[in-house]
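Below: one structure, written as structure tokens.
Letters A, B, ... mirror the listed sequences (proteins, then strands); counts begin at 1. Given the structure is predicted, the values throughout are model-derived calculations rather than measurements. Only this structure's heavy atoms are used, side chains among them; waters, hydrogens and symmetry mates stay out.
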Amino acid sequence: MKNALHEWNLAPQEAIALQKELAQRLEPADRIDPVTHIAGMDIGFEDGGDTTRAAIVLLKWDPATAPDLAVVEQIVHREPTRMPYIPGLLSFREIPAALGAFEKLSVMPELIMVDGQGIAHPRRLGIAAHLGLWLDLPTIGIAKSRLYGKHEDVGEARGDWTPLRAKNATIGAVLRSRAKVKPVFVSPGHRISLETSLEWVVRCLGRTKLPEPTRLADRLASRRDQRKK
DNA sequence: GCGACAG
DNA sequence: ATCTTGTCGC
């Protein structure tokens, strides 16, 4: 039986070994149920970092009104922070709190957009990939900056993108989600291809840099506009 | 050995 | 990520 105490409280070397093992279980091909709900997930911190705040925004998918999607549910879940930020091991710091938030969600989505990398990671297991494997749900990683991989300059027009590559493999895409704004890094997590990931991200793109699911989750996880009760 | 380094 | 006000630009 999987127990968070044993699966998440690992020493860096053990976590790295686990990532290599789990990455082999990722499904790179699309295996997605008909999408009716999409969730955006992000993490924030309080108390100078002592408290981790996981936020989820559940949206009803409606191609007729997209990218304007109705908010069905919002969850904010707090837990004591368990470990520091270590590049490459982000999921071990943030996923435990995220799981607590998903447990409070009344309806599970068919697709999740996560703030962070999918397989665009040195061991192919960014937070979006790790979360997807754990929940066994399709996930897409949308990061605001690069962690791993190389790429050419991306076009200036909204929608332009260029491959993010590492070791002769394409691990994601650098997408100009909004003209004149720094591009976002899109990479598939679990049960979804890069092509399909880009389609969904673009479909959920308003006139902002981030697609609606992560933009709203970002805002909910952030300290400034939501206030602790 | 020297940088780079999601959030 | 977070600490923080005003300010430049579309």
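- Counted within 6.0 Å of CG on A:D153, heavy atoms from surrounding residues, nucleotides or ligands total 12 or fewer; the atom is thus considered open.
- Aromatic ring centres of A:F102 and A:H77 lie farther apart than the 6.0 Å criterion allows.
- Among the protein residues, A:G88 comes within range of the nucleic acid bases, having at least one heavy atom under 4.0 Å from a base atom.
- What separates CG of A:L90 from P of C:dT2 is a distance of 13 Å, to the nearest Å.
- Ring pair A:H130/A:W8: centre-to-centre distance below 6.0 Å.
- A:R178 comes within contact range of no nucleotide atom at all, as no heavy-atom separation falls under 4.0 Å.
- Residue A:R53 places at least one side-chain N or O closer than 4.0 Å to OP1 or OP2 of C:dT2.
- Counting only distance, with no hydrogens or angles, the side chain of A:E212 and the backbone of A:C204 share no donor-acceptor pair below 3.5 Å.
- Counting to the nearest Å, the C1' atom of B:dG7 and the NE2 atom of A:H121 are 12 Å from each other.
- The main-chain N or O of A:L210 is found under 3.5 Å from a side-chain atom of A:T208 such that the two form a donor-acceptor pair.
- Checking C:dT2, B:dA6, B:dA4 against every side-chain atom of A:R146, the shortest atom distance belongs to B:dA4.
- Among the atoms of the strands shown, base atoms are found under 4.0 Å from some heavy atom of A:G126.
- A:R176 places a side-chain N or O within donor-acceptor distance of the main-chain N or O of A:G155, the cut-off being under 3.5 Å.
- Contact annotation for A:I86: no contact, since no heavy-atom pair falls under 4.0 Å across all strands.
- Atoms CG (A:D50) and P (C:dT2) sit 13 Å apart, rounded to a whole Å.
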Could you write out DNA chain B as a dot-bracket string, with dots for unpaired bases, | for bases paired across to another strand, and Watson-Crick or G-U pairs counted at under 3.5 Å? .......
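- For DNA chain C, runs of at least 3 consecutive pairs of the Watson-Crick or G-U wobble type, with both hydrogen-bonding distances under 3.5 angstrom, are absent.
- A donor-acceptor pair under 3.5 Å is absent between the side-chain atoms of A:R123 and the main chain of A:Q19, judged by distance alone.
- The closest side-chain donor-acceptor pair between A:T51 and A:D47 falls under 3.5 angstrom.
- Among the heavy atoms of the strands lying under 4.0 Å from A:L89 is at least one base atom, whether or not backbone atoms are also near.
- Distances shorter than 4.0 Å separate none of the side-chain N or O atoms of A:S145 from OP1 or OP2 on B:dC5.
- Across the protein-nucleic acid pair, A:M41 atom CE and B:dG7 atom C1' stand 11 Å apart, rounded to whole Å.
- Residue A:K144 has a polar side-chain atom (N or O) positioned under 4.0 Å from OP1 or OP2 of C:dA1.
- Atom CD1 in A:I43 sits about 11 Å away from atom P in C:dT2, given to the nearest Å.
- A:L90 is connected to A:I43 through a chain of hydrophobic side-chain contacts under 4.5 Å among Ile, Leu, Val, Met, Phe, Trp and Tyr, so both are in one cluster.
- As a whole-Å value, the separation of A:H130 NE2 from B:dA6 P is 19 Å.
- Here B:dG7 presents its P atom at 19 Å from CD of A:E46, a figure rounded to the nearest Å.
- Following rounding to the nearest Å, A:Q117 (CD) and B:dA6 (P) show an atom-to-atom distance of 8 Å.
- Between A:T139 and A:L131, the closest heavy-atom pair is CG2-C, 4.5 Å.
- Contacts of A:Y85 with the nucleic acid, taken as non-hydrogen atoms under 4.0 Å apart, include base atoms.
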